[in-house]
Amino acid sequence: MGKQDSHRSQPVSGRYHDAMVRTFSGIQPTGEVHLGNYLGAFGRWAREQEPEHFFCIVDLHAMTAPYDPPVLRERVVDVACWLLAAGIDPDVSILFIQSHVREHTECTWILNCVATMGELSRMVQYKEKSAQRQSVSVGLFDYPVLQAADILLYDADEVPVGADQQQHVELTRDIAQRFNARFGETFALPRATLPRAGARVMDLQQPDRRMSKSVSSPQGKILLSESEEITRKKIMRAVTDSGTEIRAAEDKPGVSNLLDLLAATTGAEIAELETRYKGKNYGDLKRDVAESVNGVLRPVRQRYAELRNDPAEVAALLRRGAGAAREVASKTMDRVRERTGLVAS
Ligand code: TRP
């Protein structure tokens with residue numbers, strides 16, 4: 001024992017060997033998927049899709065903040081449709097809804113008995129969120145343990161997260177290590193991977209800040225769900241800089257962002273674009289960016305519309321994903337139950 005991979009369950013599809021790196025991504029079900037999410041995350045995940053990548057829509061995590069039940073249900077399906085529309089292929093990856101695999105909540109309880117109040121109290125996200133609220137649910141406090149269960153159930157090697165989630169992945173490692181020390185080698189130890197350099201999309205109105213679900217104004221972010229006309233208008237009204245020169249530079253964040261968007265959506269190099277736009281004006285650049293962004297989003301938006309019109313198909317794909325996930329998660333839970341002294345049922 002002790003070899004991290006020794007207890008790894010068979011690859012889900014049976015087609016892949018054990019040396020494969022297993023990746024787990026948790027995605028919050030927010031309806032507002034924007035261009036930054038697409039170019040920086042979803043779209044790239046889809047293009048670089050590898051087997052053994054689990055995509056989990058974390059509806060149980062979404063319940064830790066006040067919410068409206070019909071809206072939650074709607075958003076979960078919505079984000080699933082965007083992931084599928086972006087090209088996440090259920091024949092390659094495993095896409096599923098967290099609450100469909102009951103092992104997540106079961107594992108959370110057992111990990112609750114390993115995690116400590118002290119370490120959870122030190123979580124920055126908890127401290128920040130709880131400071132903004134009058135009443136703090138136990139669920140909010142326990143959020144990172146549910147996240148640890150998500151990751152550990154699948155023996156994930158890599159967890160691609162933003163900087164704000166690194167602490168939760170570190171905690172997951174700590175919990176796994178403590179569990180293994182107490183009950184015997186059970187969980188693989190995951191590591192956080194910062195997203196590989198993808199497009200960094202900045203807010204169109206405040207180009208020194210990232211395009212963000214929560215912070216950007218409606219004019220500052222391009223939603224995948226909006227029409228081409230609205231996308232075009234937002235890009236035409238993007239903040240640029242005084243001066244007229246089209247080049248990427250630190251003191252030209254607006255123009256740099258537009259060049260980045262054009263590079264990300266056409267595959268051209270920035271330097272090449274700077275040459276191409278010599279003598280042209282900001283309006284020319286914006287028109288081309290709008291066309292290029294809309295061109296890239298067009299098939300995604302079309303596919304999304306088709307999926308939204310076919311809820312039965314989406315439900316079937318999600319059921320299939322849950323089935324594949326459960327196969328892995330239930331084996332892990334068998335191991336956990338056995339190690340922790342629960343009587344076999
Ligand atoms: N907490 C993550 C976020 O806010 C979402 C998440 C839940 C997650 N479970 C996960 C991310 C497991 C990675 C792995 O973005």
Side-chain angles (χ1 to χ4, degrees), residues 21-34 36-38 40-42 44-45 52-67 72 75-76 79-80 82-83 88 93-109 111-112 115 119-120 122-130 132 137 139-176 187-196 198 210-215 321-322 325 328-329 332:
V21 171
R22 193 175 276 178
T23 309
F24 188 98
S25 298
I27 299 132
Q28 291 277 2
T30 144
E32 296 228 304
V33 181
H34 59 68
N37 301 136
Y38 178 74
F42 296 12
R44 209 187 59 243
W45 292 339
E52 305 279 301
H53 196 150
F54 291 75
F55 294 97
C56 176
I57 303 172
V58 294
D59 54 348
L60 299 170
H61 278 109
M63 299 170 77
T64 59
Y67 72 98
L72 175 62
R75 286 189 163 170
V76 167
V79 86
W82 281 118
L83 288 164
I88 300 293
S93 305
I94 296 96
L95 169 66
F96 69 106
I97 298 175
Q98 185 184 36
S99 65
H100 285 185
V101 181
R102 308 282 201 272
E103 282 78 0
H104 289 247
T105 38
E106 187 185 358
C107 188
T108 300
W109 177 257
L111 297 182
N112 273 337
E119 63 192 345
L120 291 186
R122 286 193 292 275
M123 293 295 113
V124 172
Q125 182 175 297
Y126 170 72
K127 286 197 273 191
E128 283 175 2
K129 288 201 175 165
S130 60
Q132 298 159 9
S137 71
L140 184 67
F141 186 65
D142 205 28
Y143 180 114
V145 181
L146 177 59
Q147 184 164 349
D150 294 344
I151 296 167
L152 298 178
L153 278 173
Y154 300 94
D155 283 340
D157 304 297
E158 294 193 350
V159 185
V161 284
D164 67 319
Q165 293 297 313
Q166 265 178 303
Q167 196 187 24
H168 289 167
V169 180
E170 286 305 312
L171 174 78
T172 302
R173 271 182 86 90
D174 291 344
I175 293 176
F187 293 124
L189 303 183
R191 62 182 172 276
T193 53
L194 289 174
R196 262 166 287 163
R210 288 177 79 109
M211 192 178 283
S212 142
K213 286 194 271 247
S214 47
V215 183
V328 178
T332 308

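Note: hydrogens, waters and symmetry copies are ignored here, and every other heavy atom, side chains too, is used. As the structure is a prediction and not an experimental result, all values here were calculated from the model. Counting starts at 1 for both ligands and their atoms, following the listed order.
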Problem set entry | Short N or O distance, S25 and ligand 1, threshold 3.5 Å exclusive | no

Problem set entry | For F24, the ligand 1 atoms whose distance to one of its heavy atoms is below 4.0 Å | 12 (C), 14 (C)

Exercise. Where is the tightest heavy-atom contact between A192 and V161, given as atom of each residue plus distance?
Worked result: CB-CG2, 3.9 Å

Exercise. Of the protein's non-hydrogen atoms, which lies at the shortest distance from atom 2 (C) of ligand 1, and what is that distance?
Worked result: Q165 OE1, 3.4 Å

Exercise. If you count the atoms of ligand 1 from 1 in the order shown, which ones are under 4.0 Å from a heavy atom of V159?
Worked result: 13 (C), 14 (C)

Exercise. Roughly how far, to the nearest 0.5 Å, is the CD atom of E170 from the CD atom of E119?
Worked result: 12.0 Å

Exercise. Heavy-atom contacts under 4.0 Å between I151 and ligand 1: side chain, backbone, both, or neither?
Worked result: side chain

Exercise. Looking at atom 1 (N) of ligand 1, what's its closest protein heavy atom, distance included?
Worked result: Y143 OH, 2.7 Å

Exercise. Which ligand 1 atoms are under 4.0 Å away from a heavy-atom of H61?
Worked result: 7 (C), 9 (N)

Problem set entry | For V58, atoms of ligand 1 separated by under 4.0 Å from a heavy atom | 7 (C), 9 (N)

Seminar exercise, completed: the protein heavy atom lying closest to atom 9 (N) of ligand 1 turns out to be D150 OD2, 2.7 Å

Problem set entry | Rounded distance (nearest 0.5 Å) linking atom CG of L146 with atom OG1 of T108 | 4.0 Å

Exercise. In terms of ring plane angle, is the pair Y154 and H104 parallel, tilted or perpendicular, where the classes change at 30° and 60°?
Worked result: tilted

Exercise. Quick one: CG on L95 to OG on S25, what's the gap to the nearest 0.5 Å?
Worked result: 10.5 Å

For this session: Around atom 5 (C) of ligand 1, find the nearest protein heavy atom and jot down its residue, atom name and distance.
Result: G26 O, 3.8 Å

Seminar exercise, completed: Taken to the nearest 0.5 Å, the spacing of H168 NE2 from I175 CD1 works out to 10.0 Å

Exercise. Closest non-hydrogen protein atom to atom 10 (C) of ligand 1, residue and atom name please, with distance?
Worked result: Q147 CG, 3.4 Å

Exercise. Do ligand 1 and Q125 have nitrogen or oxygen atoms that lie under 3.5 Å from each other?
Worked result: no

Exercise. Do any N/O atoms on H168 end up under 3.5 angstrom from N/O atoms on ligand 1?
Worked result: no

For this session: Working to the nearest 0.5 Å, report the span between OG of S99 and NE2 of H61.
Result: 12.5 Å

Exercise. Is any side-chain N of the basic residue among R22 and E158 closer than 4.0 Å to the acidic one's carboxylate O?
Worked result: no

Problem set entry | Rounded distance (nearest 0.5 Å) linking atom CD of Q147 with atom CD of Q165 | 5.0 Å

